[in-house]
Participant: 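Attaching a single structure in structure tokens format; questions to follow.
Per chain, numbering begins at 1; letters A, B, ... match sequence-line order.
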Amino acid sequence: MLRTHTCGELNIKNVGQKVKLCGWVHSIRDHGNLKFIDLRDRYGVTQIVCSPMEVNEEVWEKLKEIKNEYVISLEGIVVKRPEETVNKKISTGEIEVKLVSFEILNYCKSLPFDVGSNEKISETLRLKYRYLDMRRESFQRNLIKRSDFVFAVREFLKDNNFVEIETPILTKSTPEGARDFIVPSRLNPGKFYALPQSPQLFKQILMIGGFDRYYQIAKCFRDEDLRADRQPEFTQIDIEMSFIDENDIISLVENLLKYSIEKTFEIKVDIPFRRIKYEEAIDKYGTDTPDLRMNVEFMDLTEIFKKSGVMILKEIIDKGGKIKGFFVKDGEKISLKDIEEYNDFVKNSGGNGIGWIKFKGEEIQSPFKKYLKEDILNDIRELPYYSPKGILFFLGGEKEWVTITLKNLIDKMKNKLIEENKFSFVWIVDFPLFEYNEEEQRIQSVHHPFTSPREEDIELLDKEPLKVKARAYDIVLNGIEIGGGSIRINKRNLQEKIFKIIGLNENIYLQRFGFLLESLEYGAPPHGGIAIGLDRLVMILLGEETIRETIAFPKTQKGVCLLTDAPNEVEEQLLKENRIKIDIQKDL
RNA sequence: GGGGCCGUAGUUCAGCGGUCUAGAAUGCCAGACUGUCGAUCUGGAGGUCGCGGGUUCGAAUCCCGUCGGCCCCGCCA
């Protein structure tokens with residue numbers, strides 16, 4: 001070992017010891033005949049002190065060569081700092097190491113950005129020099145927290161009898177769902193593997209193989225456009241269980257999250273989480289990923305405004321439209337200028353504008369004031385979420401448009417509506433099994449085609465498939481979907497029926513999923529599971545705005561790795577061996 | 001496929017109703033300094049204002065295109 005201690009380890013108890021340290025030169029403070037060097041590794045910073053009185057001339061001369069981010073090893077004596085020079089900001093602040101000798105293990109060029117400061121650096125540079133970015137405290141902390149969190153997850157699952165099993169990365173393309181990344185097969189010219197969008201089918205097969213509790217920290221790949229919370233490759237905590245129902249999975253995940261989050265972060269997790277039905281979520285929040293930190297629910301105000309004399313609203317109602325709205329509890333947070341902005345936003349979304357009533361005790365302020373008689377106001381005051389100094393916002397029009405526009409509106413007001421920054425988990429349940437894809441003119445699965453319908457809805461499959469509910473559940477944290485799962489189909493005939501409903505004919509589904517169908521005939525137990533987006537979850541727990549802050553080597557929005565410059569062109573020979581011809585129109 | 005924002009010393013930014021011979025801070029280089037920890041002080045170097053074209057007597061600044069980064073819609077079973 002080149003070192004006896006790390007740079008975060010020494011304290012007053014080590015005074016007098018001769019130690020060896022290794023690390024990066026964090027900063028040098030040169031006072032002429034007295035130099036301080038902060039030596040850093042991932043455990044902390046230790047101050048090295050040296051003066052020409054204390055070291056031999058050769059060492060003192062060589063010290064002049066050292067610059068920031070040089071890697072050095074050194075030997076020295078731990079000494080107590082003079083009382084008035086103790087640094088309370090660092091764990092090693094009570095001591096310093098008096099230099100005896102040192103060695104430069106490697107030099108460092110002039111840096112593209114300052115590793116020692118917390119200054120915001122453009123992400124382009126951070127990604128190109130990721131190894132320097134990683135030396136910075138904030139990003140280092142993120143990766144360490146992620147590691148700790150994953151460890152806690154494994155610990156919990158191990159304690160609960162789960163077996164961690166790896167599934168293939170080179171697997172079969174199944175065109176349902178996201179676009180696949182494909183890999184040519186040299187041994188099978190013209191054929192391709194696909195990278196897994198998730199280990200879905202393998203984990204079901206594992207259930208059939210008798211591993212009734214499986215998990216994996218699984219890499220998944222989807223060739224779709226990137227977002228702040230979406231990367232082409234990402235990691236899921238993938239779980240599957242046999243002989244269980246929805247409540248077992250939900251309760252397992254609640255306990256898993258409580259254990260792992262409380263162990264890793266200073267965050268309290270209260271379980272069980274609230275459950276909201278899909279339809280209710282859409283109706284009250286305009287989305288199936290509601291952010292319950294905002295204390296806001298949409299209400300149908302059509303009946304109330306029917307009685308008002310406001311012509312615009314009356315016309316909307318007569319045409320079959322709806323009036324929906326919501327209260328902002330603390331109306332003082334919203335200025336007339338803000339309302340102006342919201343009004344413009346609604347107009348840009350295709351509406352006439354936003355209606356509003358600001359309550360000030362008995363008084364009100366509203367563009368519709370003269371049409372709002374006491375009985376209507378009294379009805380409004382009876383509504384849930386009313387507060388004497390709140391504002392009611394409302395909007396009329398076609399029901400779905402109203403809901404979506406209200407949802408977009410509360411997103412704009414988000415920072416005024418979130419009262420405390422907590423972590424708000426919610427389950428969304430009772431999803432429909434299918435939805436209609438207008439573009440492709442066909443029925444498709446809301447989750448995936450292996451999701452089981454509710455027992456009581458099976459008879460609806462033939463006549464009214466869109467009314468069938470799924471045994472599926474999504475988990476949402478602060479308005480972001482962090483996971484989802486379902487009870488799966490474990491009977492061949494039901495699975496075949498679902499394939500047919502989503503428009504796969506027998507030839508196709510046998511070719512794509514024949515192996516699954518066959519396995520279902522060999523004693524497939526009832527089973528189900530869930531997948532939790534690890535990068536996203538950690539992102540939220542860390543308070544980060546992008547998933548890239550939780551991934552060591554992420555890609556840019558164009559899917560490029562700025563560190564390695566992937567993707568790149570490959571050797572002609574490799575293309576030949578894989579029987580691939582490139583067909584790109586080169587611009588001239 | 002579409003919409004928006006951004007691109008100026010190594011870095012973070014200012015300048016953008018045309019005059020800039022492009023500034024600041026920090027970093028870098030040289031020198032001074034025995035208690036600093038964002039050390040301090042003195043001096044210095046450092047820029048094809050992403051790239052290409054246009055308008056203009058004159059463009060970092062206005063216009064068009066292009067490249068790159070970010071955010072969003074579509075897409076993500």
Participant: Students often get this wrong, so: under 4.0 angstrom with heavy atoms, is A:P112 touching a base, only sugar-phosphate, or nothing?
Facilitator: sugar-phosphate
Participant: When only distance counts, do a donor and an acceptor, one from the side chain of A:E224 and one from the base of B:rG74, lie under 3.5 Å apart?
Facilitator: no
Participant: Judged by each residue's nearest nucleotide on RNA chain B, which is more toward the 5′ side, A:S445 or A:N68?
Facilitator: A:N68
Participant: Is A:K35 touching bases, backbone alone, or none of the nucleic acid, heavy atoms closer than 4.0 Å?
Facilitator: nothing
Participant: Looking at every strand, decide which applies to A:Q557 at a 4.0 Å heavy-atom threshold: base, sugar-phosphate, or nothing.
Facilitator: base
Participant: May I ask whether A:H31 stacks on the base of B:rA39, given the cut-offs of 5.5 Å between ring centres and 30° between planes?
Facilitator: yes
Participant: Under 4.0 Å between a Lys/Arg side-chain N and an Asp/Glu carboxylate O for A:K414 and A:D291?
Facilitator: yes
Participant: So what does A:L111 touch, heavy atoms closer than 4.0 Å: a base, only the sugar-phosphate, or nothing?
Facilitator: sugar-phosphate
Participant: To the nearest Å, how far apart are A:D229 CG and B:rC72 C1'?
Facilitator: 11 Å
Participant: Is the base of B:rC75 touched by the side chain of A:D225 through a donor-acceptor pair closer than 3.5 angstrom?
Facilitator: no
Participant: Both A:R548 and A:Q197 contact RNA chain B. Taking the nearest nucleotide for each, which residue is further toward the 5' end?
Facilitator: A:R548
Participant: Examine distances only and state if a side-chain atom of A:E224 and a backbone atom of A:R179 form a donor-acceptor pair shorter than 3.5 Å.
Facilitator: yes
Participant: Is A:T174 touching bases, backbone alone, or none of the nucleic acid, heavy atoms closer than 4.0 Å?
Facilitator: nothing
Participant: Could you give the CD-to-P distance, from A:E96 to B:rC37, as a whole number of Å?
Facilitator: 14 Å
Participant: Heavy atoms only, 4.0 Å cut-off, all strands: where does A:L127 land among base, sugar-phosphate and nothing?
Facilitator: nothing
Participant: So, OP1 or OP2 of B:rU12: does either fall under 4.0 Å of a side-chain N or O from A:S122?
Facilitator: yes
Participant: Which part of the nucleic acid does A:V45 contact within heavy-atom distance under 4.0 Å: base, sugar-phosphate only, or nothing?
Facilitator: nothing
Participant: With under 30° as parallel and over 60° as perpendicular, where do the rings of A:F450 and A:H448 fit, or are they tilted in between?
Facilitator: tilted
Participant: Does the B:rC75 base have a donor-acceptor partner in the side chain of A:R230 within less than 3.5 Å?
Facilitator: yes
Participant: Rounding to an integer number of angstrom, what distance separates B:rA59 and B:rC20 when you compare their P atoms?
Facilitator: 14 Å
Participant: Hey, does the side chain of A:K89 come within less than 4.0 Å of B:rG38's phosphate (OP1/OP2), counting only N and O?
Facilitator: yes
Participant: For A:S110, answer base if it contacts any base atom (sugar-phosphate contacts may also be present), sugar-phosphate if it contacts only those atoms, and nothing otherwise; contact means non-hydrogen atoms under 4.0 Å.
Facilitator: sugar-phosphate
Participant: Under the criterion of centre distance below 5.5 Å and interplanar angle below 30°, is A:F113 classified as stacked on the base of B:rU11?
Facilitator: no
Participant: Less than 3.5 Å between a donor and an acceptor, one on the side chain of A:Q47 and one on the base of B:rU36, is that the case here?
Facilitator: yes
Participant: Quote, to the nearest angstrom, the P distance that separates B:rC33 from B:rG38.
Facilitator: 24 Å
Participant: Does the B:rU36 base have a donor-acceptor partner in the side chain of A:R81 within less than 3.5 Å?
Facilitator: yes
Participant: Counting the benzene-type ring for Trp, do A:F431 and A:Y473 have ring centres under 6.0 Å apart?
Facilitator: no
Participant: Counting any heavy atom closer than 4.0 Å, what does A:R227 reach on the DNA or RNA strands: base, sugar-phosphate only, or nothing?
Facilitator: base
Participant: Using a heavy-atom cut-off of under 4.0 Å over every strand shown, decide if A:S198 touches base, sugar-phosphate, or nothing.
Facilitator: base
Participant: How far, in whole Å, is B:rC62 from B:rG15 if one measures between their C1' atoms?
Facilitator: 16 Å
Participant: Could you give the CD-to-P distance, from A:E65 to B:rC29, as a whole number of Å?
Facilitator: 13 Å
Participant: Is a donor-acceptor pair below 3.5 Å formed from side chain A:R29 to base B:rG38, judging by atom type as modelled?
Facilitator: no
Participant: Taking A:E246 as the fixed residue, which of A:R471, A:K469, A:R454 is the one that meets the salt bridge (charged side-chain N to carboxylate O under 4.0 Å, His left out) rule?
Facilitator: A:R471
